[in-house]
There are 2 protein chains.
Amino acid sequence: MNGKAIGIKDIARLAGVSTATVSRTLSQPGMVSTSTRDAVMQAVRATGYRVNHTARNLRRQRTGSIVALVPRLANPFFSQILSGMAGVFSAAGYGLLVADTEVAPDPARQLSHYIHSGIADGLVLLDARLPRGDLCNRVAGPPVVLACEWMDDDLPSITVDNVEGAAVAVRHFWQTGHRRIGHITGPAGNVLTESRLHGVRATLATLGSALRDDWTFPGDFGLESGARAAAEWLALKDRPTAVFCSSDEMACGFIGAVQRAGLRVPDAVSVIGFDDIEVSAHLTPGLTSVRQPRTRIGREAGEVMLSMIAAQSLTAPSRRIPLELIRRASVAPPP
Amino acid sequence: MNGKAIGIKDIARLAGVSTATVSRTLSQPGMVSTSTRDAVMQAVRATGYRVNHTARNLRRQRTGSIVALVPRLANPFFSQILSGMAGVFSAAGYGLLVADTEVAPDPARQLSHYIHSGIADGLVLLDARLPRGDLCNRVAGPPVVLACEWMDDDLPSITVDNVEGAAVAVRHFWQTGHRRIGHITGPAGNVLTESRLHGVRATLATLGSALRDDWTFPGDFGLESGARAAAEWLALKDRPTAVFCSSDEMACGFIGAVQRAGLRVPDAVSVIGFDDIEVSAHLTPGLTSVRQPRTRIGREAGEVMLSMIAAQSLTAPSRRIPLELIRRASVAPPP
DNA sequence: CCGCATGATGTAATCGTTTGCAAACCTACC
DNA sequence: GGTAGGTTTGCAAACGATTACATCATGCGG
């Protein structure tokens, strides 16, 4: 590192071999004889040589990194998924590039950009709202994997059974005695929103009930929207006694606003969230929630991605990760 | 994208110019005449050509990405800083690589690896606990910037005045009437822990008081450690009436555990946190907290990094970001 | 002792750009 | 018309690795 960066040539000269041999020693050690290998490794250690990844990647026609497109990096829900992926990728020699689709100047073009720019060897989408135009029926370009969300196309995805998650929540309310059940949805058009909403409706139907429109509050997965839903709920003459929230953040915002209005959870209203983010266990009351194993989702998404890259395939089987209802104190029998 | 990737050569042939001219048209448009520029751009549009970043980076002797080393990616505190940085970087044509120092197999070697491997053009550390051996007195390698934390060395850092932050919290307690003030610390050895602890001690001293040892609870910035501190607090015969927590997560864990034990905040104990993470406003009660502007910290860290890269310098002036006390309902006069 | 398979190494082309240098061109002024 | 000065352009050499192909021993069966 003193004057000039040392390269494979310097090692070759030092070890008295050709650059080809040095390269082989480094990438396919089995191909060179023990003696030369030792000589090369000796020279490598002596000089502190490091391969130039850019050059290697250029020659190998790859980039060495995988990009994750996250709807909102600031959302704690995603960071743990990223964490799981980062571990898998770095072990395989790939770096994880993150990009926030929310802060991007032109989100609509962002996906297309990453697909075509050749900046990454793979693309993990945590946001299915992106325009899918470029994704269907591709024959070239980097593989794409979806985590949590999914698209109608045949893109591989790592998801939980969101319909079942909603069903579990609703049944838990029902078994606890609730018959008046409301729902705070995610953003309109989102697949998670739709399937959870559908889960609620279908489950209530099996139970001989139905989801009332005035008990369906629109949200966007964020804290504030939960608080807004609480305002709506408070304004109702005829309130549901239980509210299933499509995200823990919204549940948190909902509970906070309800309690700030002087009512208690679960006395006045029972609440179930979705995700089981870390803070949920520490809220007052502790939040009952449908847990998504986030680290695992990230890890499996990473694995699927690596397998696709290895197989040079644009498709792979999707995976479904099991859910679990975590019971805490935010659910109690209705008054 | 059909048969073979198109390169600068194809554009050159199509536009009837040399590859040099194509390259110049793309990177220094002012250098070529309007007519040839048009011809080249025409060919570019016609073919859908995209530059190969790997090749460009190789030639330009850079990597095009900057890595952020995060102590715990899953911590919501960091994700917003990353978000701020990612914005600045992507605007400047750099990608943000993230690495979790907690899940890494050998965190001690990780920093050294990123410094020497030449994988990134710059390094942002959100974790000053890393071994600093390689960082001092360097004459080569990528620039390093610290965000939030800092080291004794002359590395540039973007920080808040943690001593003052603690002072503000303590004075707020004092003005509200509290004379019995406790503190939950961060992990031992951490610079934030130390300076906030020092801020508490120094401020109490100016007020003619002192921080009692049995009112100083060890934490690690995490939720669970706040809950553990609450257990200690509950077990005390002689309790402080106010507790300043070195992170919002700990405050959240503390409040949750206290309330789960049947006591109310702020009736039984007033609490102030540090960071003002998003959820703090929605807790019951709303958490009074010393706000760190996280997006701004990330943004400024990014700017400093870019300026160092541009100037090819390993040093830059540090920056200090102002704090703000956000008053909510977790502080009330003592019983 | 010859021929051939096997294994280890070297030579040189290649990956797709950028850029120093020199040539070509143009303008304008004497 | 010649020349100086300024733009535009092209040629070809990097950048630092990988790898197809050629080469050269070596060993072994016949």
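Just so it is clear: chains get the letters A, B, ... in the order the sequence lines come, proteins before strands, and each one is counted from 1.
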The side chain of [X] is closest to which nucleotide in this list: [options]?
{"X": "L58(B)", "options": "dC15(D), dT18(D), dT19(C)", "value": "dC15(D)"}
{"X": "V32(A)", "options": "dT9(C), dT9(D), dT18(C)", "value": "dT9(C)"}
{"X": "A20(B)", "options": "dA12(D), dC15(C), dT9(D)", "value": "dA12(D)"}
{"X": "R24(A)", "options": "dG10(C), dA12(C), dG16(D)", "value": "dG10(C)"}

Output the rounded distance in Å from [atom1] ([X]) to [atom2] ([N]).
{"X": "N52(A)", "N": "dT17(C)", "atom1": "CG", "atom2": "C1'", "answer": "14 Å"}
{"X": "I8(B)", "N": "dC15(C)", "atom1": "CD1", "atom2": "P", "answer": "14 Å"}
{"X": "R56(A)", "N": "dG16(C)", "atom1": "CZ", "atom2": "P", "answer": "18 Å"}
{"X": "R50(A)", "N": "dA17(D)", "atom1": "CZ", "atom2": "C1'", "answer": "17 Å"}
{"X": "Y49(A)", "N": "dG16(D)", "atom1": "OH", "atom2": "P", "answer": "10 Å"}
{"X": "R62(B)", "N": "dT19(C)", "atom1": "CZ", "atom2": "P", "answer": "11 Å"}
{"X": "M31(A)", "N": "dG7(C)", "atom1": "CE", "atom2": "C1'", "answer": "9 Å"}
{"X": "I6(A)", "N": "dA17(D)", "atom1": "CD1", "atom2": "P", "answer": "9 Å"}

Are OP1 or OP2 of [N] and a side-chain N or O of [X] less than 4.0 angstrom apart?
{"X": "S33(A)", "N": "dT9(C)", "answer": "yes"}
{"X": "R59(A)", "N": "dT14(C)", "answer": "no"}
{"X": "Q61(B)", "N": "dG16(D)", "answer": "yes"}
{"X": "T21(B)", "N": "dT9(D)", "answer": "no"}

With sugar-phosphate meaning primed atoms plus P, OP1 and OP2, does [X] contact a base, only sugar-phosphate, or nothing at under 4.0 Å between heavy atoms?
{"X": "S23(A)", "answer": "base"}
{"X": "S27(A)", "answer": "sugar-phosphate"}
{"X": "V17(A)", "answer": "sugar-phosphate"}
{"X": "T36(A)", "answer": "sugar-phosphate"}

query = Roughly how far, to the nearest 0.5 Å, is CD1 of I8(A) from CZ of R13(A)?
reply =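 Going from the CZ atom of R13(A) to the CD1 atom of I8(A) covers 12.5 Å.
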Any side-chain donor near an acceptor of the partner, D154(A) and T315(A), under 3.5 Å =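 Result is no, nothing qualifies.
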ask   = Any chance the side chains of T63(A) and D121(A) put a donor and an acceptor closer than 3.5 Å?
value =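 T63(A) vs D121(A): donor-acceptor pair found between side chains.
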query = Between the side chain of S27(A) and the main-chain N/O of R24(A), is any donor-acceptor distance below 3.5 Å?
reply =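 A pair under 3.5 Å: no.
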message = For H113(A), is there any backbone N or O sitting under 3.5 Å from a side-chain donor or acceptor partner on S117(A)?
response =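 Checked: pair present.
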key: Atom CZ of R109(B) with >12 non-hydrogen neighbours under 6.0 angstrom   =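 Open: at most 12 neighbouring heavy atoms sit under 6.0 Å from CZ of R109(B).
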ask   = Which comes earlier along DNA chain D counting from the 5' end, the contact point of T19(B) or that of A55(B), where each point is its nearest nucleotide?
value =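 Result: T19(B).
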